[in-house]
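Right, one structure below, let's go through it.
Counting starts at 1 for both ligands and their atoms, following the listed order.
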Amino acid sequence: MTEPIRIHRSTTRKPKPKDADLGFGQIFTDHMFVADFQEEKGWYDPRIEPYGPLSLDPATAVLHYAQAIFDGLKAFRGVDGKVRLFRPQKHVERLNNSAKRLCIPPIDPDLALQSLLKTVDIDRDWVPSTVGTSLYIRPTIIASEPFLGVRPAKSYIYFVILSPVGAYYPEGMAPVKILVVDKYVRAVDGGVGGAKTSGNYAASLFAADEAKHQGFTQVLWLDGVHRKYIDEVGTMNIMVKIGDEVITPALGGTILPGVTRDSVLTLLRDWGLKATERPIAIDEVVDAHRSGQLKEVFGTGTAAVISPVGELAYKGRRIVVNQGKIGATAQKLYDTIVAIQYGEAPDPHGWTRVV
Ligand code: COI
């Protein structure tokens, strides 16, 4: 699609929050990006318009069968005042991979990239500047056809909304307590665990809620077949450091291909450390803890970047990791990624894109 992006600026401006008051995903900017899809036309009428509600027929397919995908990335205001997006092309690639799995028509990657850059540009005053804060960008596609038959919809809406954010977890980078669940699973082989689709998050709520009631921040999911191999932690990829090696479950359909996951593996390998992608049994983690070899456990994700795990509870047993403190590897990864994001350190892999 070569149609230019139409711009309809908002005539009013919302008050902006103070950086210190920012939580996660509660406040939205003045504008949003929207494009429509119809079978006969493809994606059309890309536009930036004032932020506001979508009007949907109650029969709209997404409301019934969750044919929806999204992604999440961030824009940062650097120490030099420049606004940078972190790995936007990689997020566009993932958005289209998720689209494919959900029978959603792909978006021209150039248009998708422009949708992110232009919307952030229009609302650039909303990018907060304190380290730890950013503008979270949420591209989303929903099936918009009013139809109750179960089949891929014939029409879709793509939109991008922006939200100034602080830390994802209220505890910030403080190590979290995690419950290992073997009663519920988030993904199965052949399922949609590898796609960023809304239903995965709805399906995770019950277990997360139970964990919260028991005093944990999140759950550690095990694989859906054997309930034996570690899968993801909450909404994040998981990494364990055993001895000198960092291990994370291999991608292969059940694991979301995290952009932070990829960045962490790249950095670890740049530093000459051993970073391995393979199945890890929860028993291996327990054994490593017993023998004193379990050095660190941490989650990786766009929202929190790195989230150290201070304690795991599995089958009534408590596994305290690194005395409940942030590990050196997790801290170095966090510091390095954040320094690249805020333009404080060189960006040897070309991960950032200035707006
Ligand atoms: C992330 O870690 O970026 C996530 O996937 C969380 C998001 C769904 C809020």
Worksheet entry | Output field: ring centroids Phe159/Phe33 closer than 6.0 Å | no
Ligand 1: protein N/O within less than 3.5 Å of ligand N/O:
{"unit_1": "ligand 1", "atom_1": "3 (O)", "unit_2": "Thr302", "atom_2": "N", "d": "3.2"}
{"unit_1": "ligand 1", "atom_1": "3 (O)", "unit_2": "Ala303", "atom_2": "N", "d": "2.9"}
{"unit_1": "ligand 1", "atom_1": "5 (O)", "unit_2": "Lys196", "atom_2": "NZ", "d": "2.8"}

Worksheet item: Mind checking what makes side-chain contact (heavy atoms from CB on, under 4.5 Å) contact with Pro146, not counting sequence neighbours?
Response: Asp57, Ala59
Worksheet, complete the sentence: Only one of Asn237, Asp270, Thr248, Leu273 passes side chain to side chain contact (heavy atoms under 4.5 Å, CB included) with Leu265, and that residue is Thr248
Item to complete: Sorted by first residue and then second, give each salt bridge (Lys or Arg N to Asp or Glu O under 4.0 Å) pair with at least one member in residues 126-154; sequence neighbours left out.
Response: Glu39-Lys154, Glu145-Arg151
Worksheet, complete the sentence: Contacts of Glu344 meeting side chain to side chain donor-acceptor pair (under 3.5 Å) (sequence neighbours excluded), chain-then-number -> none
Discussion item. Side chains of Gln114 and Asp110 only: does a donor on one sit below 3.5 Å from an acceptor on the other?
Written reply: no
